[in-house]
Amino acid sequence: QVQLVESGGGLVQAGGSLRLSCAASGRTISARAMGWFRQAPGNEREFVASINYSGDNTRYADSVKGRFTISRDNPRNTCYLQMNSLKPEDTAVYYCASATTVFGGVVASASEYANWGRGTQVTVSS
């Protein structure tokens with residue numbers, strides 16, 4: 001079982017940037033796609049970004065396309081989410097997750113992720 005721990009969240013003004021990290025332990029994540037999801041108060045958890053196991057294919061929600069970048073460092077067993085040009089509507093708890101399937105492609109559905117972190121709060125002030 002892999003354990004995922006997110007970090008890097010915080011309070012930032014609109015237009016600012018944050019870099020989230022997702023550190024994995026207990027098992028390598030190098031064979032699995034990784035994803036970032038977010039959940040704002042009163043809303044359902046929504047897909048943000050996904051990266052395939054090798055890091056050469058990515059997918060983004062339309063709401064973050066062009067502003068967020070997902071990446072991974074397999075030797076470090078870590079996944080990242082660089083968030084630029086942040087908006088107040090980006091405020092949410094951000095979760096990272098590792099896919100159930102090994103050597104798979106990008107995954108946008110939460111049901112296809114087996115392991116989840118506890119989340120990190122991102123708050124964007126206007």
**Fill in**
What one should report as the nearest heavy-atom pair of G104 and A33 is O-CB, 4.4 Å

**Prompt:** What is the minimum heavy-atom distance between S17 and S85, and which atoms define it?
**Reply:** OG-N, 4.3 Å

**Fill in**
To the nearest 0.5 Å, atom NZ of K87 lies from atom OG of S126 at 14.0 Å

**Asked** Under a 4.5 Å cut-off applied to non-hydrogen side-chain atoms, are L20 and E6 in contact?
**Response** no

**Message:** Heavy-atom count check: over 12 atoms from other residues, nucleotides or ligands less than 6.0 Å from R118 CZ?
**Reply:** no

**Item:** Parallel, tilted or perpendicular: ring planes of F103 versus Y53, cut at 30 and 60 degrees
**Value:** perpendicular

**SB check E46 R38 (cutoff 4.0 Å)** = yes

**Request:** First locate atom CD of Q121, then atom OG1 of T91, and finally report the distance between them rounded to the nearest 0.5 Å.
**Result:** 7.0 Å

**Item:** Evaluation steps, side chain to side chain contact (heavy atoms under 4.5 Å, CB included), between N115 and R27
**Value:** CA-CA 11 Å; N115 297 289; R27 191 178 68 192; 3.5 Å; yes

**Message:** For R76, is there any backbone N or O sitting under 3.5 Å from a side-chain donor or acceptor partner on T78?
**Reply:** yes

**Request:** Find out if the SG atoms belonging to C22 and C96 lie under 2.5 Å from one another.
**Result:** yes

**Item:** V107-I51 co-clustered via ILVMFWY side chain contacts under 4.5 Å
**Value:** no

**Request:** Report the distance from atom CE of M34 to atom CG of N74, rounding to the nearest 0.5 Å.
**Result:** 9.5 Å

**Sole residue of F47, Y95, Y94 in ring-ring contact (aromatic ring centres under 6.0 Å, His included) with F37** = F47

**Message:** Regarding D62 and K65, does a basic nitrogen lie under 4.0 Å from an acidic carboxylate oxygen?
**Reply:** yes

**Complete:** Scanning both residues in full, the closest heavy-atom pair of A24 with V2 reads CB-CG2, 3.8 Å

**Asked** Hey, are the side chains of L86 and F68 touching, using non-hydrogen atoms and a 4.5 Å cut-off?
**Response** yes

**Request:** To the nearest 0.5 Å, tell me how far S25 OG sits from L4 CG.
**Result:** 7.5 Å

**Asked** If only atom types and distance count, is the side chain of S50 paired as donor or acceptor with the main-chain N or O of V106 below 3.5 Å?
**Response** no

**Shortest non-hydrogen contact between A99 and Y113, atoms and distance** = N-CD2, 3.5 Å

**Asked** Short question: side chain of R72, backbone of I29 - any donor-acceptor pair under 3.5 Å?
**Response** yes

**Request:** Answer yes or no: is there a donor N or O on one side and an acceptor on the other, between the side chain of Y80 and the main chain of T69, under 3.5 Å?
**Result:** no

**Prompt:** Does the side chain to side chain contact (heavy atoms under 4.5 Å, CB included) test come out yes or no for M83 and W36, once each step is laid out?
**Reply:** CA-CA 12 Å; M83 305 186 297; W36 286 93; over 6 Å; no

**Prompt:** Taking C-beta and beyond as the side chain, do D90 and R67 meet within less than 4.5 Å on heavy atoms?
**Reply:** yes

**Between OG on residue S98 and CD on residue Q3, distance to nearest 0.5 Å** = 10.0 Å

**Residue from V12, T120, V124 passing side-chain contact (heavy atoms from CB on, under 4.5 Å) with L18** = V12

